[in-house]
Amino acid sequence: MTQDIDNRAERYQAILELTRDLLIVLDGESVIMCRAGESEWVNEAVITGLTLDTMLSDELLTKVRGTIERAQAAPGTVQSIEYVLRPEQLTMLHEAGLREPTWYEARFVATPSGEVLWSARDINERKKLQRKVTNQAQRDPLTGAYNRRALVTVMEQTVAQAQRYDWTCSVLLIDVDDFSKINEQHGWDAGDQLLQQIVTGLYKLKRTADFLARYGDDQLVLFLPETNHEQGVAAAERVRRLIQELEMPYPTGELQCTVSVGVAGLRGLEDSAPDMLKRAEESLFIARNSGGNRVEGEV
Ligand SMILES: Nc1nc2c(ncn2[C@@H]2O[C@H](COP(=O)(O)OP(=O)(O)OP(=O)(O)O)[C@@H](O)[C@H]2O)c(=O)[nH]1
């Protein structure tokens with residue numbers, strides 16, 4: 001009988017050796033066993049003996065407890081969740097070695113004797129890849145600015161929020177004057193570089209909360225949360241001057257350009273992101289037809 005138990009314990013140990021996941025055994029709320037697996041940051045001795053509430057932040061504690069309850073309600077079934085461990089929020093885990101935000105996919109299973117097994121797989125690489133793909137889907141590949149799709153999403157969310165809290169926001173539609181002539185005279189590559197320079201300049205000029213997107217061939221949008229129409233026009237004037245002063249050395253000669261800007265500010269509860277963009281387009285049309293290198297406000 002004792003021999004059997006020893007064999008079982010050895011087998012159990014051998015199975016544990018096989019897994020790369022971080023493994024925790026909980027008795028009630030206490031960690032009675034911890035194996036780091038491939039989570040190099042984990043100090044097993046520090047984690048063993050901790051309780052859930054000393055180890056986790058309030059938000060994570062609620063999530064983990066809820067999952068454990070589900071696992072206990074149906075012993076033998078696996079319950080999964082994803083979470084991120086952030087060292088700045090988790091003092092005890094920081095002490096146990098956590099230094100970087102680390103994403104985990106965790107699985108919980110309750111044994112008939114009442115213990116809960118908690119395995120956690122590091123999914124940082126997968127998350128990084130997901131972020132990269134999402135990022136690529138939202139960005140214009142030439143300039144690195146956001147694309148039109150990302151702009152519409154952000155504008156719609158921000159406009160709804162501004163309407164709810166009685167805030168304001170403005171949109172600037174920026175069009176490079178005679179951009180096709182630059183392409184014709186200096187080549188497509190020169191046009192590309194000029195667009196990149198303009199975006200770099202706008203990134204330096206814009207505030208952190210402002211959102212810059214490529215809206216069309218030679219058109220950019222700068223969306224300004226918490227900015228009224230008057231402030232929007234002033235920002236547009238700064239953009240116009242910045243681009244006018246931009247000089248880009250190029251083998252075929254110094255490149256220079258100007259922009260026309262149409263500005264639209266949020267007009268209350270009935271307004272919408274597409275309507276704001278439409279009004280910015282109408283203003284832009286006037287600016288371009290008035291000779292370019294101009295800012296036009298509401299029409
Ligand atoms: N270099 C470069 N050119 C582009 C790119 N995408 C579109 N274009 C060109 O940009 C030009 C845009 O032309 P238009 O919209 O007529 O612009 P414009 O000449 O500035 O005319 P206005 O806007 O009326 O002042 C076209 O010649 C397109 O072929 C790009 O990614 N790089």
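Atoms within each ligand, like the ligands themselves, are counted from 1 in listed order.
- Comment: Arg240 engages Glu237 in a salt bridge, judged by a side-chain N to carboxylate O separation of less than 4.0 angstrom.
- Here the rule is side chain to side chain donor-acceptor pair (under 3.5 Å) with Thr258, and of Asn293, Asp175, Asp177 only Asp177 fits it.
- Side-chain contact check for Arg207 and Thr227: at least one donor-acceptor pair (N or O, by modelled atom type) lies under 3.5 Å.
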Identify all side-chain donor-acceptor contacts of residues 128-137 below 3.5 Å with residues at least two apart in sequence or on another chain.
unit_1: Lys128; atom_1: NZ; unit_2: Glu125; atom_2: OE2; d: 3.3
unit_1: Thr134; atom_1: OG1; unit_2: Gln130; atom_2: O; d: 2.6
unit_1: Asn135; atom_1: OD1; unit_2: Arg139; atom_2: NE; d: 3.3

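- Between Arg279 and Asp271 a salt bridge is recorded (basic side-chain N to carboxylate O distance below 4.0 Å).
- Between the side chains of Thr168 and Asn228, no donor-acceptor pair is found at a separation under 3.5 Å.
- Ligand 1 lies under 4.0 Å from heavy atoms of Leu142, Asp175, Val176, Asp177, Asp178, Phe179, Ser180, Asn183, Trp188, Gly191, Asp192, Arg214, Asp217, Asp218, Arg288.
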